[in-house]
Amino acid sequence: MTAKFSANFPSIYLEPGNKEYEEYYQPKDFIIGNTIFVMGRRFLLYDCDSFTRDYFKDNLQIVQPDAIQVFKPKDNVSTVSKLVIPPHTGIGDPDDTRQNCLSLIPKAPKTLDFVTYVLNASKKLRYKLKMVPVYEVDNLRDFIMEYCLGNGQMSIVELASKNSGFIKGRFMSYTKLRKPGTNVDEDQFYGTKDFAIGAKLHVRGSVFIIVELDLWTYNYMNENKDKFTQDAIDKAKCYLESKGLIITLPKPDVINQNSITTPEISLSKHNESLEDTVLINYINQSNINI
């Protein structure tokens, strides 16, 4: 039974004794509009159910007043507030940060098509990069970029250069690289249509220019022209022709020339130039898993 204290009884007290008890709350005290004190707190009685109203009327001859409106009336149409994800603070990966906003127990973001990954995990585009120099020594640095077609992740490895002061090794681990000037909440990453001879890549404060590619990459571009721009394919062809890695034969003198395509002959049996082989050997000798 709840004790009834005086209004000036201190709310912070070890334990009330019999002297502090004046009387106990009774049903007659629970009238709509009255205030009761429980554990030092005030509680307003603003409504009761129909059984309580009937009990007071039939047994105590007390008519409960109407309910007191203490809350604003709700609209008939229930509205659900839209979840607003706060902007990324720059700490951690934006995809992981978004998962923390969606659930108390975050789950790993599902951004990978498993079937696509299995079919293309071993297929990688290889390009040679040159860093846009900030210092004069940057002109001596060479890089190899690999782009995995299975998950859209790319890595950059620095090759050993004499007298550059930089050791060979991984410059950037495999990750999906966002394009510069885009919102981190938007899924705009570098892809196959962004890779071409002469194209610039912005990588975490550094700018790289694509200067070379291997023959496997060029053959893949010809087999999947919808994934690349025509300008990228033409520049790749011109580069390989200038290096003497492919030769375009003239069209044969036949009547129906429209049905004959111009053949291209690669000078390498393994679809790799000597320079490409050297670049790949540099990676294999760097004792780094790519």
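Residue indices begin at 1 and follow the sequence shown. Please read all numbers here as calculations on a predicted model, not as lab measurements.
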Heavy atoms of other groups near Gln230 CD, more than 12 under 6.0 Å
yes

Which value, rounded to the nearest 0.5 Å, describes the distance between Arg41 atom CZ and Thr35 atom OG1?
15.0 Å

State, with a plain yes or no, whether a side-chain heavy atom of Thr217 is found less than 4.5 Å away from one of Tyr147.
no

Provide the closest heavy-atom pair for Lys124 versus Cys148 in the form atom of the first, atom of the second, distance.
CG-CA, 4.2 Å

Closer than 3.5 angstrom, by distance alone: can the side chain of Asp138 be matched with the main-chain N or O of Tyr135 as a donor-acceptor pair?
yes

Tell me if the CZ atom of Phe43 is crowded by more than 12 foreign heavy atoms within 6.0 Å.
yes

Is any side-chain heavy atom of Lys227 closer than 4.5 Å to one of Leu149?
no

Please tell me if the side chains of Leu125 and Trp216 come closer than 4.5 Å, counting only heavy atoms from C-beta onward.
yes

Who passes ring-ring contact (aromatic ring centres under 6.0 Å, His included) against Phe171, sequence neighbours left out?
Phe143, Phe208

All side-chain contact (heavy atoms from CB on, under 4.5 Å) counterparts of Asp54, not counting sequence neighbours:
Asp58

Flag yes if Ile32 and Val70 sit in one hydrophobic cluster, no otherwise; membership is Ile, Leu, Val, Met, Phe, Trp, Tyr, and two members link when side-chain heavy atoms are under 4.5 Å apart.
yes

Nearest 0.5 Å, please: how far is CE in Met131 from CD1 in Ile156?
8.5 Å

Within the side chain of Asp29, is there an N or O that forms a donor-acceptor pair under 3.5 Å with the backbone of Tyr25?
no

Just by distance, no angles: are the side chains of Glu223 and Asn219 close enough, under 3.5 Å, to form a donor-acceptor pair?
no

Do any N or O atoms from the side chain of Thr175 and from the backbone of Leu177 form a donor-acceptor pair under 3.5 angstrom?
no

Report yes or no: do Met154 and Phe189 belong to one cluster of Ile/Leu/Val/Met/Phe/Trp/Tyr joined by side chain heavy-atom distances under 4.5 Å?
no

Are Met145 and Met172 packed together at the side-chain level, in the sense that at least one heavy-atom pair is separated by less than 4.5 angstrom?
no

Treating Tyr190 as the side-chain partner and Phe195 as the backbone partner, does any N or O pair qualify as donor plus acceptor under 3.5 Å?
no

Nearest-0.5 Å distance that lies between atom CE in Met221 and atom CZ in Phe228
5.5 Å

Looking at every heavy atom in both Arg53 and Ala67, which two are closest together, and how far apart are they?
NH2-N, 3.8 Å

Indicate the atoms forming the closest heavy-atom contact of Asn222 with Ile233, along with that distance.
OD1-CG2, 3.7 Å

Short side-chain to backbone donor-acceptor contact, Lys130 and Arg141, under 3.5 Å
yes

Through direct or indirect side-chain contacts below 4.5 angstrom among Ile, Leu, Val, Met, Phe, Trp and Tyr, which residues connect to Val207?
Val132, Ile209, Val211

Going by heavy atoms in the side chains, are Lys168 and Glu158 under 4.5 Å from each other?
no

Leu129 side chain near Ile210 side chain, heavy-atom distance below 4.5 Å:
yes

Atom pair CG/NZ of Asp142 and Lys128 - distance to nearest 0.5 Å
4.0 Å

Quick one: list whatever passes side-chain contact (heavy atoms from CB on, under 4.5 Å) with Lys57, sequence neighbours left out.
none

With sequence neighbours excluded, tell me which residues meet side-chain contact (heavy atoms from CB on, under 4.5 Å) with Ile31.
Asn34, Phe56, Ile62, Gln64, Pro65

Quick one: salt bridge (Lys or Arg N to Asp or Glu O under 4.0 Å) pairs with a partner in residues 189-206, sequence neighbours left out?
Lys179-Asp194

Go through the steps for Phe166 and Leu140 under the test side-chain contact (heavy atoms from CB on, under 4.5 Å), then give the verdict.
CA-CA 9 Å; Phe166 296 93; Leu140 304 175; over 6 Å; no

What's the spacing between Tyr127 OH and Leu201 CG if we round to 0.5 Å?
9.5 Å

Mind checking the NZ-NZ spacing from Lys235 to Lys237? Nearest 0.5 Å is all I need.
15.5 Å

